[in-house]
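The structure presented is a predicted model; accordingly, all values stated were derived computationally and were not measured.
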Amino acid sequence: MNMPKTPITIEKITNFLLTLQPSLYPKAALLLTIVKFMQALSYKRLRFNTCFGTRIMNIFALVFIPSGGGKDLVCKNLENFILNSIFEEFREKSKAEYKKDYDKLQQIYCGKKIPKSELNKIFPIALESQNGTPEGLKKIADFLNTKDFGGIFLFVSELAYIFSGSKGVELLYYLLGCYDGKIAGKSIKADNQGEAVKNISISFLGFSDPERFFNNTNVNFNALLTTGLARRTFLIFQPTLPKNQFLKAERNLIKHAKDKAEGLSNEVKDIIDKLQYESVFNVSNTAYDNIFVEYKQNCLQKSETVENSHLQKEIKDRPLKALNIASLYAVLNHPTENVITETDLKQAIKTVEYLSTDLEKFINYTPQKYDQYQQFFEFLKRNKDKAFAKTELITKYYSETGFSRKILRKDFDEIISVVKEIADMNGFTVLSNFFHNNIGQRITLKDKVQPVENCKISHISPVDNAENPCVS
């Protein structure tokens with residue numbers, strides 16, 4: 001699939017990146033350009049309208065490209081050549097704001113030593129946070145809520161490392177709950193983290209080498225897609241590097257591209273300087289009537305033609321992703337007009353469709369790694385309709401499941417959730433029946449056509465659907 005038509009600024013930047021890195025996956029060039037723009041725009045807290053109210057502009061993106069594929073270099077080139085002046089302006093404003101906060105504390109304490117507890121309440125607003133915890137992100141959100149600029153941009157350089165344990169999954173669940181700009185405090189018995197913070201942009205970018213991810217992660221990411229990850233996230237997937245991975249750009253082309261980069265950087269800064277803080281972009285009547293309604297109907301129809309439940313949900317929610325991207329494209333196409341036009345929306349739809357095709361490749365690829373989960377499923381399949389108590393699976397049949405007793409005992413619920421996904425994809429249902437006041441548990445594999453009763457179902461609230469957006 002060829003690169004879609006985008007705003008001329010995006011087109012120039014992706015051409016610049018591909019000139020510097022000829023073997024770069026084109027989808028990575030486009031997606032990372034969009035992501036870094038969203039990071040820069042979080043400075044001004046831009047929003048767009050839907051009938052659910054205004055939504056903050058943000059983006060969640062996962063990039064699975066082998067080491068050596070150039071994903072880190074893309075970000076460096078964007079930061080150093082294209083967005084450098086924007087990021088520097090942000091840093092200077094952040095330093096000035098921090099100095100103002102510090103001076104206030106000095107006045108309060110009249111030259112005395114400022115308590116550490118008070119100093120911990122102020123900090124320079126950062127362009128980027130790495131890794132992080134729910135508690136840490138909430139603290140940043142509370143602080144940003146006292147300011148009139150800035151957002152949260154979380155970057156994870158290797159997903160395999162944080163998703164090798166329960167903390168990474170916990171962070172992911174928390175992020176998914178923050179997608180719409182409402183950042184809630186984590187529920188802790190003795191620690192009230194205060195009211196939820198609203199209208200603070202939170203974006204997420206995660207990188208991983210596919211081989212490292214699939215070989216070092218104890219979590220079935222395919223199963224995690226059920227939580228709403230696929231519906232909220234752009235995911236690009238390049239399982240292996242191309243044969244021309246070591247192709248180098250000609251020296252004169254690199255020099256020419258870098259010479260033009262300064263002009264492109266100034267062009268980008270001129271656009272962003274024209275934006276008012278907290279601007280709200282509305283979908284025009286013609287864009288809504290002529291483009292959005294038809295696209296939403298097409299997505300609903302298309303979702304009914306695919307069997308995979310993850311793809312069905314993702315396809316249904318593409319209209320909301322398109323509105324989000326369209327608001328960015330409106331900024332780049334006409335920064336002084338707070339309206340999303342037909343052109344903006346058409347370009348955004350083509351972008352969403354172009355970037356969304358890798359999810360199916362990713363879903364089809366993931367079962368190759370989970371041989372232990374597959375072995376567990378095969379064991380249940382050989383004993384279809386037979387109920388196994390959790391305790392006997394752990395103590396008696398553990399070797400047939402492919403897991404050690406220790407791992408089964410520690411991660412039983414997580415493992416069963418993955419096995420349920422595999423069973424579902426193969427036309428079966430895994431029942432988790434609880435007894436003795438939910439202390440005991442029996443696991444049974446049945447044909448999917450049989451009714452499911454007395455199952456414990458884990459419910460994740462759905463992401464906002466892209467209903468009729470409010471129009472101007």
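- For Lys99 and Asp103, the salt-bridge test passes: some basic side-chain N is under 4.0 Å from an acidic carboxylate O.
- Distance alone, capped at 3.5 Å, places no donor-acceptor pair between the Asp344 side chain and the Ala326 backbone.
- Leu83 and Ala40 make their closest contact through CD2-CB, 4.5 Å (heavy atoms, listed as atom of the first residue, atom of the second, distance).
- Pairs engaging residues 108-127 under the salt bridge (charged side-chain N to carboxylate O under 4.0 Å, His left out) rule: Glu118-Lys121 [sequence neighbours left out].
- In this structure a side-chain-to-backbone donor-acceptor pair under 3.5 Å is missing from Lys27 to Gln238.
- Contact check for Phe234 versus Leu30: no side-chain heavy atoms found under the 4.5 Å cut-off.
- The ring of Phe204 has its center no closer than 6.0 angstrom to the ring center of Tyr179.
- Between Asp358 and Tyr25 the shortest side-chain heavy-atom distance falls below 4.5 Å.
- Using a 4.0 Å cut-off between a side-chain N of Lys or Arg and a carboxylate O of Asp or Glu, Glu97 and Lys100 qualify as a salt bridge.
- Side chains of Ile140 and Ile183 form no contact here, defined as non-hydrogen atoms less than 4.5 Å apart.
- Within the 4.5 Å cutoff, the side chain of Tyr102 has heavy atoms near those of the Ile114 side chain.
- Glu128 CD: more than 12 foreign heavy atoms inside a 6.0 Å radius.
- Between Ser265 and Asn84, some side-chain heavy-atom pair lies under the 4.5 Å cut-off.
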Passes side chain to side chain contact (heavy atoms under 4.5 Å, CB included), Phe362 versus Ile236? Steps please. CA-CA 8 Å; Phe362 182 86; Ile236 61 172; over 6 Å; no
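- Side chain of Glu342 to main chain of Asn290: no donor-acceptor pair is present (N/O by atom type, distance under 3.5 Å, no hydrogens or angles).
- Within a 6.0 Å sphere centred on CD of Glu307, heavy atoms belonging to other residues, nucleotides or ligands number 12 at most.
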Going through the checks in order, is the ring pair (Phe, Tyr, Trp, His ring centres under 6.0 Å) test met by Phe87 and Tyr43? CA-CA 9 Å; Phe87 283 8; Tyr43 177 18; 9.6 Å; no
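- No side-chain donor-acceptor contact under 3.5 Å links Arg55 to the backbone of Phe48.
- Under the rule for a side chain to side chain donor-acceptor pair (under 3.5 Å), the partners of Asp101 that lie at least two apart in sequence or sit in another chain are Lys147.
- Other residues, nucleotides and ligands place more than 12 heavy atoms under 6.0 Å from the NZ atom of Lys44.
- Under a 3.5 Å cut-off, the side chain of Lys36 and the backbone N or O of Cys75 do not form any donor-acceptor pair.
- The backbone N or O of Ser279 lies less than 3.5 Å from no partner atom in the side chain of Arg47, so there is not a single donor-acceptor pair.
- Annotation: side chain of Ile13 is in contact with side chain of Val268 (closest heavy-atom distance under 4.5 Å).
- Under a 3.5 Å cut-off, the side chain of Gln312 and the backbone N or O of Val306 do form a donor-acceptor pair.
- Residues Lys76 and Glu79 are not paired through a salt bridge, judged by the lack of any N-O separation under 4.0 Å between the basic side chain and the carboxylate.
- Electrostatic pairing of Lys420 and Asp424 does not count as a salt bridge here, judged by no charged N lying under 4.0 Å from a carboxylate O.
- Looking at every heavy atom in both residues, Lys361 comes nearest to Phe237 through NZ-O, 3.3 Å.
- Side chain of Thr233 to main chain of Phe60: no donor-acceptor pair is present (N/O by atom type, distance under 3.5 Å, no hydrogens or angles).
- With hydrogens and angles ignored, the 3.5 Å screen pairs a side-chain donor or acceptor of Thr19 with a backbone N or O of Asn15.
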Side chain to side chain contact (heavy atoms under 4.5 Å, CB included) assessment of Gln39 paired with Leu78: CA-CA 11 Å; Gln39 181 183 10; Leu78 286 168; over 6 Å; no
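- Neither side chain, Gln276 nor Asn338, offers a donor N or O lying under 3.5 Å from an acceptor on the other.
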Given Lys321 and Ser356, is the side-chain hydrogen bond (donor to acceptor under 3.5 Å, both in side chains) satisfied, shown in steps? CA-CA 10 Å; Lys321 289 181 177 178; Ser356 297; 5.0 Å; no
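- Side-chain atoms of Asp411 do not come within 3.5 Å of backbone N or O of Glu414 as any donor-acceptor pair.
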